[in-house]
Every structure is written in structure tokens, then in C-alpha cells.
Amino acid sequence: MLKVYNTLSRSKEEFVPLVENQVRMYVCGPTVYDYPHIGNARSFAVFDTIRRYLEYKGYRVFYVTNFTDIDDKMINRANEEGISVQELASKYIAEYLVIARQLNLKPATVNPRATEHIDDIIDMVQRIIEKGYGYVVDGDVYFDVSEWKSYGVLAKLASEDLEAGARVDIDERKQDPRDLALWKAEKPGEPSWDSPWGKGRPGWHAECSVMGKYYLGLPFDIHGGGQDLTFPHHENEIAQSASAYDVETPVKYWLHNGFLTIDSEKMSKSEGNFFTAREVLDNYEHQAVRLYLISGQYRQPLDYNAKAINQAIQSLERIRNAVDTIRGRILILERSGGRVAEADKKLKEAIDKLQEGFEKEMDDDFNTPGALAEVFTFIKASNTLTPKVGNTAVLREALAVLSEFLMILGIDLQAEEGGQDAGISSAKLSATIELLLEIREQARKNKDWAMADLIRDRLGEIGIEVADTKDGPTWKVN
RNA sequence: GCCGGUUUGGCGGAGAAGCUUACGCGACAGACUGCAGAUCUGUUUUACCUGGGUGCAAAUCCCAGAGCCGGCUCCA
């Protein structure tokens with residue numbers, strides 16, 4: 001039974017989707033005004049793993065993650081860079097997609113952009129006004145928090161406490177300082193759209209309400225994002241969706257991932273203590289970065305430092321070695337023929353144990369470190385048993401199960417270097433041929449013509465033609 | 001002020017009453033080995049913030065306290 005921690009109830013709940021066998025899930029994507037940092041990457045990786053596990057469990061998952069491509073930050077940055085907001089968005093969306101691929105994120109079902117849904121946003125704002133929860137001042141539209149009695153359900157913030165908050169905007173035009181902007185009137189030089197209240201643009205939280213409803217319908221099952229979005233973003237989203245569309249609980253399960261810290265301090269753009277995902281991915285192997293990002297339980301803080309990444313690199317190496325051991329054993333058995341051995345049964349038992357253990361851990365609010373521990377327990381058993389296994393079927397099963405589970409965690413054994421199935425770059429292929437020729441030259445020096453001819457003939461059969469010159473051998477691919 | 005989270009061995013990090021050798025990384029010793037790599041075995045002698053309490057039994061439950069981190073309208 002799958003249990004998930006729901007921010008709404010502050011407790012683990014049994015996961016039961018609203019519609020049998022399918023999960024509708026929305027994860028707050030990036031505001032595309034800057035390079036994503038490694039903390040953003042954690043969020044992406046965590047929800048990707050959650051999504052993949054749900055799919056593993058047999059659910060059909062509709063996974064929506066948006067690009068917020070219009071807001072204050074977008075406008076400011078576009079002005080700084082001297083480009084249009086649209087150009088800015090394209091630039092950083094492209095960057096996001098590169099990082100997504102490097103982190104092995106499975107593409108979302110849809111990646112909608114806020115600016116594609118301006119009409120829907122206007123429609124929602126209008127509904128909110130009609131229901132009596134919004135008011136218009138000089139072309140701005142505000143949400144009237146004092147009218148919305150359940151404001152604070154998610155963040156568990158009582159209204160009075162909010163008023164005491166340190167950073168509430170002081171804006172004379174708001175009836176209540178807590179009120180949030182649903183629609184902002186046009187200012188000179190800003191992108192704007194026509195609306196019943198004059199030219200303007202959407203407020204900060206409108207787009208997620210609208211796109212969630214548009215693509216998934218209300219209510220839907222899972223809404224994810226970083227802990228810092230709990231308030232105000234998600235709180236406001238609930239207020240907007242619930243009031244506009246008459247849905248008491250727009251989202252059944254709210255999932256929030258913990259922060260990534262640097263020296264135990266929250267990493268954030270406003271503090272300036274951040275690494276971009278780009279820097280990290282350029283410096284370390286992508287799969288190791290992904291492994292690092294899911295090496296802690298998703299709700300706990302995760303500290304970023306070189307030691308942590310190095311540990312992930314070592315762990316990944318151990319995983320690969322184990323896989324290579326299994327693949328190597330398959331090669332040997334294919335050459336020599338299999339037989340039945342005592343170890344076959346034992347390895348099969350270890351596979352079953354892995355399956356059971358992995359699911360048990362992941363069923364417990366996606367306990368990825370626990371799940372990894374199960375993988376390593378299996379690897380230890382496999383390393384001992386594999387050299388004694390006589391039957392390729394069980395080895396192939398081990399590979400299949402291992403690959404499937406690692407893929408849920410975002411580690412793709414088929415990708416990049418490593419493994420006989422991985423494909424090989426032309427640089428590596430060349431180096432390999434050079435190596436063979438080096439060996440052949442050694443044989444020629446020793447007048448071991450049989451060996452030299454064997455290498456040349458066999459390469460020829462593969463389609464690689466070797467020719468000797470007085471300065472050394474050459475080769476070309478036919 | 002209000003609301004959350006967190007504190008586990010040299011490090012990272014699970015576990016939420018009894019028994020987990022958790023797991024990984026690191027270190028040391030050994031086995032295997034033409035060399036290298038990989039792998040295996042053992043060790044790293046009672047790791048659970050503090051003080052109370054309830055249990056036959058507490059890292060785990062309760063109370064109090066301390067440290068650290070975060071939210072309270074920029075943020076994943």
C-alpha cells in the first residue's frame with residue numbers, strides 16, 4: 001500500500017487516486033527568467049522519480065509541469081538583458097530542456113506556458129469577481145482574502161498571523177494587506193493583454209490554478225513543488241481554484257520537497273548562495289548528479305557539497321561494476337554453454353527480495369535512500385552469486401529488474417558509457433582499434449605472424465580493413 | 001510573535017518499541033590475482049542532542065529544555 005505525506009493533513013495518508021488506475025499530477029515548473037539552480041534540479045528529479053514509481057505501480061500518469069513565462073521577474077530580467085520577455089522565455093526554456101535531458105527526466109505529458117492561457121486566466125479572475133471574492137481597483141484585480149474563510153488551510157497560517165508577517169506588501173489600494181493580485185494593470189513598457197479591466201497581465205499565482213484545471217480538471221490527485229511554494233503560492237492557488245470553480249478541495253495530495261542547502265543554509269537565488277544546475281552537470285557525471293539528488297528522502301533537507309557528490313559517484317561505480325559482472329557472466333555462459341547450478345536459485349531469491357524490499361521502501365512516501373539500500377543489498381548478493389550462476393535466464397532477469405528499478409530512480413544503465421549494450425562513441429571505437437593494432441604490432445615484432453594475421457583477418461570480417469605501410473599500420477572502415 | 005522541520009557511528013543516510021550486521025562512502029587488515037581492475041571476508045570494540053517520565057523493554061512513545069534550519073506574499 002502506497003503512503004504519501006500530504007502537506008494538507010501534515011501526515012502520511014494512503015494514496016487512493018480520484019479515478020481508479022490513473023493519476024493526475026501537476027508540478028510547479030520553473031519561472032524561466034534565469035538558469036535553474038541545483039535546488040530546482042532536486043525538485044525536478046524528486047517528482048520525476050515519484051512519477052516513474054506511480055507508473056511502475058500501474059497507474060496511468062498525466063504529468064503536467066508548467067513554464068511560468070510572465071511575471072515581475074521575467075519583465076525585470078528581460079529589461080536588464082535588453083531582450084523581449086518572449087526571447088527571455090525561449091532562452092531559458094531551452095536551457096531547462098537540456099538540463100531535463102541530462103538529469104534523465106521523463107518528458108511531461110504537457111509543458112504548458114502561462115502566456116498560452118491568458119484567456120483562461122481572465123475567465124478565472126472574472127469568476128472570482130462574480131462570486132464575490134475579487135474586487136477591481138484602477139485596472140488591478142485583487143483576491144479578497146478576508147472573504148475567503150478557509151484561507152490558510154495549507155500553510156496552517158491563521159489570518160491574524162499573516163498580518164503580523166514581516167514582508168506583506170504595503171499597498172494602499174488593497175482592502176487588506178493580505179489580499180493578492182489576480183491581475184495587474186499595464187505599466188509602460190510591459191507586455192500586456194486586453195481584459196475586461198483594461199490592459200494588463202496575470203498576477204503571480206493565477207497560471208497554476210488555471211493550467212491545472214485546464215489540463216487535469218478539478219479536483220486532481222497530486223500537486224507538487226518545493227517547500228517554499230507552500231506559502232503563498234499554493235495557498236493562493238487553492239483559494240483561487242476553490243472559489244472560481246466551486247471545488248472545495250482542488251487537489252487531494254500536496255507534496256513538497258525539502259530544500260537543498262549549502263553548508264546547511266538554504267540555497268536561494270535571492271541569497272546568492274547557489275550553484276546553477278549547469279555548473280554542477282558540467283563538472284560531474286550526470287547520472288551521479290541524479291543519484292545524489294535522490295540520495296536523501298525528498299522531504300528532508302539535502303546538503304550540497306563535493307563530498308556528497310563524490311559519494312554518489314562511488315556508489316554509481318559500485319552499481320555499474322555489479323551490472324558489468326552480471327553482463328560478463330552472461331558472455332562467458334554464452335561462449336561455454338550453461339548448466340544448472342545451485343546459485344541460480346539463490347540469485348532468483350535475491351531478485352525476489354529486491355523486488356519486495358524496493359517496493360516496501362518506495363511505498364513509504366517514496367523513501368529513495370531505503371530503496372537504494374535494497375539495491376545495494378541485492379548487489380552484494382549478486383556479486384557473490386553471479387560468478388557461480390549457470391543459467392543466463394536468471395542473470396537476464398536480474399539485469400531487467402535492476403535496470404527497471406534504477407530507471408525509476410533516474411539512473412539509466414543503457415545510457416552513456418558502460419555496458420555492452422550501451423553503444424560506443426566513435427572516439428572509443430577508434431581507440432579500441434588502435435589498441436588491437438598495437439597488440440598486432442607487438443606480435444609482428446615477435447614474428448608471431450599467426451597472431452598478427454588473426455587480428456587483421458578478424459578485423460576485416462567486422463569490416464575494418466587494415467593495411468601496413470613502412471611507417472606503421474593504417475585502417476579504415478568499409 | 002505565530003507556524004513547520006530537524007538533531008543517528010569518521011562522513012552521508014534509513015529505521016519509529018524488543019532482534020535491522022540497515023545501506024552507502026571512507027579507513028585498516030586479509031583472501032583472490034601474471035599485472036591492473038573488480039569482487040569477497042573481517043575490523044572500524046555499547047551511533048542514536050540533553051533532562052525527566054511511561055513500559056518487562058525506548059534511537060523509536062510522553063513531558064520539558066537546548067542546538068540547527070526554514071516559512072510568515074521574490075524563491076523548487
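Naming: A, B, ... by sequence-line order, numbering from 1 per chain. Everything numeric here is computed off the predicted structure, so don't read it as measured data.
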Handout entry: Nearest-Å distance once atom P is located in both B/rU8 and B/rG4
Key = 23 Å
Exercise for the section: Name all pairs fulfilling the ring pair (Phe, Tyr, Trp, His ring centres under 6.0 Å) condition that reach into residues 347-373 of chain A, sequence neighbours left out, sorted by first residue then second. Expected result: A/F358-A/F405
Practice task
Please state the P separation for the pair B/rG55 and B/rU41 - nearest whole angstrom.
Solution key: 44 Å
Practice task
Name the nucleic acid region contacted by A/R299, choosing base, sugar-phosphate or nothing; use a 4.0 angstrom heavy-atom cut-off, strictly under.
Solution key: nothing
Exercise for the section: Give a yes/no on whether any side-chain N or O of A/N321 is located under 4.0 angstrom from OP1 or OP2 of B/rU39. Expected result: yes
Practice task
Quick one: label A/D364 by what it contacts on the DNA or RNA (base, sugar-phosphate, nothing), any heavy atom closer than 4.0 Å.
Solution key: sugar-phosphate
Exercise for the section: Would you please test A/M25 and A/F47 for side chain to side chain contact (heavy atoms under 4.5 Å, CB included) and show each step? Expected result: CA-CA 10 Å; A/M25 162 171 196; A/F47 287 105; 4.1 Å; yes
Exercise for the section: In whole angstrom, give the distance that lies between atom CZ of A/F259 and atom P of B/rU6. Expected result: 14 Å
Handout entry: B/rU6 and B/rA14, which share atom name C1', separated by this distance in whole Å
Key = 15 Å
Exercise for the section: Using the P atom on both, measure B/rA58 against B/rU50 and round to a whole Å. Expected result: 15 Å
Handout entry: Distance in angstrom units between A/L180 CG and B/rC74 P, rounded
Key = 12 Å
Problem - NZ/NE/NH1/NH2 to OD/OE distance under 4.0 Å, A/D48 and A/R52 - result: yes
Handout entry: Ion pair A/K12/A/D364, N-O distance below 4.0 Å
Key = yes
Practice task
For A/N383, answer base if it contacts any base atom (sugar-phosphate contacts may also be present), sugar-phosphate if it contacts only those atoms, and nothing otherwise; contact means non-hydrogen atoms under 4.0 Å.
Solution key: sugar-phosphate
Handout entry: Ion pair A/D71/A/R201, N-O distance below 4.0 Å
Key = no
Practice task
Take the protein atom CG of A/D303 and the nucleotide atom P of B/rG5, then report the distance between them rounded to whole Å.
Solution key: 21 Å
Practice task
Whole angstrom is fine here: how far is it from CG in A/N236 over to P in B/rG71?
Solution key: 17 Å
Exercise for the section: Give the rounded distance in Å between these two atoms: CD of A/Q227 and C1' of B/rG70. Expected result: 7 Å
Exercise for the section: Output yes when at least one side-chain N/O atom of A/Q297 is less than 4.0 Å from OP1 or OP2 of B/rG13, else no. Expected result: no
Exercise for the section: Indicate yes or no: does A/K3 engage A/E361 in a salt bridge with an N to O separation below 4.0 Å. Expected result: no
Practice task
Any chance you could list the contact pattern along nucleotides 18-35 of chain B? Use B for base contacts, S for sugar-phosphate-only contacts and - for none, protein heavy atoms under 4.0 Å, 5' to 3'.
Solution key: ----BSBSS---------
Completion exercise
When rounded to whole Å, the CD1 to C1' distance for the pair A/I326 and B/rU39 reads 13 Å
Practice task
Keeping the roles fixed (side chain from A/R77, backbone from A/D72), state whether a donor-acceptor pair exists under 3.5 Å.
Solution key: no
Practice task
Find which nucleotide of RNA chain B each of A/K12 and A/D71 is nearest to by heavy atoms, and output the residue with the more 5' nucleotide.
Solution key: A/K12
Practice task
Looking at every strand, decide which applies to A/G258 at a 4.0 Å heavy-atom threshold: base, sugar-phosphate, or nothing.
Solution key: base
Exercise for the section: Under 4.0 Å between any heavy atoms, over every strand shown, what does A/F47 touch: base, sugar-phosphate, or nothing? Just pick one. Expected result: nothing
Handout entry: Ionic contact status for A/E95 with A/R278, cut-off 4.0 Å
Key = yes
Handout entry: Rounded distance in Å between the P positions of B/rU45 and B/rC56
Key = 33 Å
Problem - In B/rG9, glycosidic geometry as syn within 90° of 0 or anti otherwise - result: anti
Problem - Pair A/E207 + A/R113, salt bridge at N-O below 4.0 Å - result: no
Practice task
Please determine if A/D352 and A/K348 form a salt bridge, counting it only when a charged side-chain N lies under 4.0 Å from a carboxylate O.
Solution key: yes
Problem - Between B/rG4 (P) and A/W254 (CH2): distance, integer Å - result: 19 Å
Practice task
Could you check which residues of residues 27-37 of chain A get a heavy atom under 4.0 Å from RNA chain B? Sort them by number, please.
Solution key: A/H37
Exercise for the section: For A/E235, report the nucleic acid contact type (base, sugar-phosphate, nothing); a contact means any heavy atom under 4.0 Å. Expected result: nothing
Handout entry: Nucleotide nearest A/H205 when distance is taken to its side chain, options B/rU6, B/rU73, B/rG4
Key = B/rU73
Completion exercise
Residue set satisfying ring pair (Phe, Tyr, Trp, His ring centres under 6.0 Å) with A/Y5, at least two apart, ordered chain then number -> none
Practice task
For A/N367 and for A/H233, find the nucleotide of RNA chain B with the closest heavy atom, then tell me which residue's nucleotide is more 5'.
Solution key: A/N367
Exercise for the section: Using the P atom as the reference point in each nucleotide, state the distance between B/rU21 and B/rC69 in Å, no decimals. Expected result: 36 Å
Problem - Watson-Crick and G-U pairing of RNA chain B written in dot-bracket, each distance under 3.5 angstrom, with | for inter-strand partners - result: (((((((..(((.(...[.)..)))((((((.......))))))....(((((..]....))))))))))))....
Handout entry: B/rU7 versus B/rC61 - spacing of their P atoms, nearest Å
Key = 11 Å
Handout entry: Salt bridge present between A/E334 and A/R396 (N-O < 4.0 angstrom)
Key = yes
Problem - Atom-to-atom span, CD1 of A/I262 to P of B/rG70 - whole angstrom - result: 12 Å
Exercise for the section: Would you mind classifying the nucleic acid contact of A/G225 as base, sugar-phosphate or nothing, using non-hydrogen atoms under 4.0 angstrom? Expected result: sugar-phosphate
Problem - Nearest-angstrom distance, P atom, B/rC63 to B/rC3 - result: 15 Å
Problem - Residue list, ring pair (Phe, Tyr, Trp, His ring centres under 6.0 Å) with A/F44, at least two apart or on another chain - result: A/Y96
Exercise for the section: Assert yes or no for the condition that the ring centre distance of A/H233 to A/W204 is strictly below 6.0 Å. Expected result: no
